[in-house]
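Here's the structure, in structure tokens; my notes come after.
Heavy-atom basis, side chains included; hydrogens, waters and symmetry copies ignored. Values in this document were obtained by computation on a predicted structure and should not be read as measured data. So you know, we letter chains A, B, ... as the sequences are listed, proteins then strands, and number each from 1.
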Number of protein chains: 2
Amino acid sequence: MTADEFRRHGHDLVDWVADYWESVGSLPVRPSDPPGAVAARLPAGPPSEGDGFAGLRADLDEVVLPGMTHWQHPGFFAYFPANTSGPSVLGDLVGAGLGVQGMLWATGPAATEVETVMLDWLAELLDLPARFRSTSTGGGVIQDSASSAALVATLAGLHRAGGGAWRSSGIGGTRYTVFTSTQGHSSIEKAARIAGIGDAGVRQVEVDPATLAMRPSALRAALAADVAAGARPAVVVATIGTTSTTAVDPLSEIGRICQEFGVWLHVDAAYAGAAAVCPELRWSHAGLEHADSYCFDPHKWLLTGFDCDAFWVADREALVAALTVMPEYLRNVATESGAVIDYRDWGVPLGRRFRSLKLWFVLRWYGAAGLRAHIRSGVSLAQRFAAHVAADDRFEIAAPHPFSLVCFRLKAGDAASEALLDRVNATGRFYLTHTRVNGAYVLRLAVGAPQTAESHVDEAWSALATAATEILAEG
Amino acid sequence: MTADEFRRHGHDLVDWVADYWESVGSLPVRPSDPPGAVAARLPAGPPSEGDGFAGLRADLDEVVLPGMTHWQHPGFFAYFPANTSGPSVLGDLVGAGLGVQGMLWATGPAATEVETVMLDWLAELLDLPARFRSTSTGGGVIQDSASSAALVATLAGLHRAGGGAWRSSGIGGTRYTVFTSTQGHSSIEKAARIAGIGDAGVRQVEVDPATLAMRPSALRAALAADVAAGARPAVVVATIGTTSTTAVDPLSEIGRICQEFGVWLHVDAAYAGAAAVCPELRWSHAGLEHADSYCFDPHKWLLTGFDCDAFWVADREALVAALTVMPEYLRNVATESGAVIDYRDWGVPLGRRFRSLKLWFVLRWYGAAGLRAHIRSGVSLAQRFAAHVAADDRFEIAAPHPFSLVCFRLKAGDAASEALLDRVNATGRFYLTHTRVNGAYVLRLAVGAPQTAESHVDEAWSALATAATEILAEG
């Protein structure tokens with residue numbers, strides 16, 4: 001592809017993306033085709049000769065769009081948002097064009113240093129504890145997801161708990177254990193499995209049934225029981241904003257207990273961390289000074305496209321010691337000087353993209369004020385929706401909703417609530433998902449797509465109320 | 001950012017990328033600034049208000065470019081290439097704009113199905129064994145890197161070797177071991193460490209000193225010794241195209257030995273796998289029908305930007321069984337039907353981008369013929385360079401060079417060879433790296449950047465020959 005062809009097709013596709021954003025709200029939020037429909041529209045094998053651009057361009061409209069679940073749709077209320085924005089996409093475009101592979105400082109000085117500075121900027125924006133800054137003993141790094149952050153934190157915790165033996169001898173016969181609440185994310189169990197601890201080494205600590213937050217006394221008892229039984233607690237994962245209901249674990253008390261037992265404390269704020277850009281929501285992060293590591297996903301609720309998980313450690317040397325392996329072909333003067341960060345030692349993959357560009361673009365375009373406005377809009381829309389629910393006595397709110405997720409159900413029970421979800425999703429105008437709270441089936445409405453406005457939340461409520469009337473009438 | 005602002009800035013940045021590619025050959029391939037220079041050009045904290053686009057645009061030229069190691073530079077001969085291309089960047093642009101998160105089929109039917117089909121297309125293009133196709137028992141998936149592929153293969157191997165106990169009890173007291181040659185990539189040791197096997201559980205099998213390929217007899221002896229000692233071999237990683245010298249392990253013999261011992265065979269062809277698009281280079285893949293998993297990196301030598309590692313398994317159920325964890329909030333009808341692929345169960349992260357778009361764009365734009373031409377160009381340029389080296393009796397070739405990497409040294413020894421590397425890299429026109437072969441210091445020249453032509457290879461040789469004259473004269 002010549003430079004001129006790239007310019008022409010590039011301008012065309014920039015316009016295609018802009019058109020998509022302008023029209024996405026009028027499309028069904030989910031496709032109705034059965035599995036296999038997209039694959040059936042593709043040829044069975046690759047072309048033997050290049051076939052130009054027109055066919056590809058047409059297939060974006062005819063093959064891809066009809067098979068999309070539209071995460072940027074203003075009626076997308078499922079899971080947690082995975083929002084993006086113009087500046088984020090442009091940062092990704094520049095990063096892809098530069099094509100740098102920043103595994104070492106030497107292979108990408110700008111990629112490395114912009115990442116370090118952007119994570120320091122983010123730490124300032126969220127008012128994270130000083131020791132997470134690169135100018136102190138810690139520092140930040142971009143991971144693909146909070147799953148990988150949980151894995152890396154688990155490995156650092158094992159390295160600390162193993163006292164040097166873990167790197168060389170692995171898990172061996174030691175019964176390492178990992179602790180999170182019953183509401184902790186599935187990635188914590190997955191990280192423990194990957195790290196060789198096994199599912200049976202994961203302790204699910206009970207929560208307060210009203211707040212769904214971890215009970216510190218239960219954590220202390222579980223840690224003490226393991227120690228008494230000869231197991232070796234390695235990591236506690238506390239959550240700010242659980243996936244199920246956005247519960248907030250009490251970090252101050254948990255932190256003091258971790259310190260007492262000498263256990264690595266990782267704080268998973270994948271979704272709700274973004275809220276800390278707003279001073280009035282920083283109560284959720286009280287006690288974070290006890291954490292050894294912390295992560296949140298700008299790609300969920302901070303206008304930065306997937307993938308961009310921001311992960312910090314308080315002691316960068318502990319992380320690097322757990323993960324570094326140095327073959328001859330990667331040796332270089334800068335690394336040996338000790339004066340640089342080689343981000344390959346901060347995560348699983350060796351190779352790395354220039355992902356901090358999109359973060360830089362987003363932070364500069366919106367500024368702190370613009371990001372706060374985005375968060376406040378999401379919180380406000382969710383509270384508006386919760387008020388609708390609370391005012392209708394056929395419904396009940398199922399959990400506290402301090403951020404932009406509201407969990408609710410029909411008082412008539414699980415079957416009616418499940419039918420409600422199916423009926424509203426079948427309209428194609430909205431997409432909600434579900435969870436279980438204290439055993440009961442619960443609908444989740446999560447606000448965060450950049451185009452979602454009051455009208456969309458009101459329409460969703462209207463559709464829910466109408467469907468509830470039908471379902472309750474049908475008995 | 002409004003749609004119109006996105007169009008305007010997007011067109012401008014597409015042009016910026018095109019200008020970059022047109023001018024990159026005239027820039028120094030590496031920056032001369034010391035560590036910290038890029039960071040020093042950035043403000044200490046984020047802006048409180050958004051500051052528009054002009055400042056960002058200027059900083060790309062004034063902050064980023066002067067700090068770049070230019071992987072797309074025609075004189076970039078370091079490590080392995082990490083090439084990209086116009087169609088790849090455009091595929092990434094569209095993927096970023098769509099902003100879909102394809103963790104489950106249900107959350108991204110098009111993202112999931114295009115990925116499945118593209119991996120089948122690639123399997124056809126490389127003539128991979130039938131059982132790696134999704135239409136058989138296997139299938140492919142995009143991982144970020146060969147490091148993650150090695151980790152996932154290790155986990156599947158542990159699941160098989162543990163006979164069900166690994167998922168629940170982890171490593172426990174079992175002494176699992178992993179085998180690769182002394183030339184295997186450092187990511188294999190890193191994967192073993194992450195998986196809780198520990199560095200001491202990695203067996204580095206000796207190689208033939210002339211070919212640097214694994215000795216099957218040594219592998220058999222190492223496996224038998226472990227079994228006799230009560231250890232449990234879990235994974236053998238064979239390599240097609242080692243990082244140090246592109247040595248090719250004898251897969252047929254290794255495969256039969258793995259079968260005999262019931263051990264998972266993973267084949268790491270991160271760099272050289274791309275060569276299999278050319279029928280005349282498929283000798284390197286002979287015996288692949290014995291493999292349980294295989295990966296190569298289109299982002300290294302197949303015109304697809306980082307990150308895009310293509311990973312296949314022969315038995316997809318073994319992989320999913322090792323990795324799946326199902327919380328309530330991810331349950332959905334499509335998954336429970338068993339009729340779909342949920343790629344979250346094929347790797348570490350839960351969230352996933354629409355990375356198959358760039359692969360689709362590349363395969364359609366170039367076609368099989370265009371990709372073969374790219375590989376053949378790289379091989380031909382490397383052989384041209386090797387002929388220069390072979391014709392100068394001050395130099396010696398240090399290893400076989402069937403692909404696009406040439407390893408060579410000055411016969412005068414390690415100090416002279418190291419001085420040669422430093423001097424040529426100091427010109428700023430080329431960037432080569434080094435390795436050690438049988439203990440000796442060796443320079444590596446790897447061809448693969450799309451703009452590299454005969455003139456660049458000839459100029460590199462000319463600079464090396466001139467520098468050698470100086471160094472040998474200086475004694």
Only pairs of heavy atoms separated by less than 4.5 Å count here; which of [options] has the most with chain A?
options: B/R7, B/H434, B/M68, B/E124; result: B/R7
options: B/T433, B/T243, B/L371; result: B/T243
options: B/N332, B/L13, B/V38, B/V340; result: B/V38
options: B/G173, B/A3, B/A18; result: B/A18
options: B/T324, B/D15, B/L125, B/T2; result: B/D15
options: B/D92, B/V152, B/D307, B/L56; result: B/L56

Can you tell me which portion of [X] sits under 4.5 Å from chain B's heavy atoms? Options are side chain, backbone, both or neither.
X: A/W21; value: side chain
X: A/A146; value: neither
X: A/D120; value: neither
X: A/S169; value: backbone
X: A/F361; value: both
X: A/I197; value: backbone
X: A/I341; value: neither
X: A/H299; value: neither
X: A/M103; value: side chain
X: A/L98; value: both
X: A/P66; value: neither
X: A/D12; value: neither
X: A/E22; value: side chain
X: A/T116; value: neither

Which atoms of [X] are under 4.5 Å from chain A, going by heavy atoms: the side chain, the backbone, both sets, or neither?
X: B/W105; answer: side chain
X: B/H70; answer: neither
X: B/E5; answer: side chain
X: B/V117; answer: side chain
X: B/L357; answer: side chain
X: B/Y20; answer: side chain
X: B/A322; answer: backbone
X: B/A39; answer: both
X: B/A37; answer: backbone

Taking [options] one by one, which has the highest count of heavy-atom pairs under 4.5 Å against chain B?
options: A/G170, A/G370, A/G201, A/G102; result: A/G170
options: A/L42, A/T84, A/D33, A/D4; result: A/L42
options: A/G97, A/S147, A/G55, A/P34; result: A/G97
options: A/R344, A/R352, A/R41, A/R175; result: A/R352

Would you mind listing every salt bridge (charged side-chain N to carboxylate O under 4.0 Å, His left out) that reaches into residues 95-113 of chain B, with sequence neighbours excluded?
none

Quick one: does [X]'s side chain have a donor or acceptor within less than 3.5 Å of a partner on [Y]'s backbone?
X: B/W71; Y: B/A78; result: no
X: B/T69; Y: A/A106; result: yes
X: A/S148; Y: B/P349; result: no
X: A/S88; Y: A/G305; result: yes
X: A/K300; Y: A/F80; result: no
X: B/S168; Y: A/A200; result: no

Nearest heavy-atom contact between B/A195 and B/L155 is CB-CD2, 4.1 Å

Spacing of CZ belonging to B/F354 relative to OG1 belonging to B/T112, to within rounding of 0.5 Å:
8.5 Å

Any Lys/Arg nitrogen of A/R331 or A/E328 sitting under 4.0 Å from an Asp/Glu carboxylate oxygen of the other?
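A salt bridge is present here (some side-chain N lies under 4.0 Å from a carboxylate O).
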
Check ion pair B/D144-B/R353 (N to O, under 4.0 angstrom):
no

Mind telling me whether B/H9 and B/F53 have parallel, tilted or perpendicular rings, with 30° and 60° as the class edges?
parallel

Any side-chain heavy-atom pair from B/M1 and A/S85 closer than 4.5 angstrom?
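Of all side-chain heavy-atom pairs linking A/S85 with B/M1, none is under 4.5 Å.
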
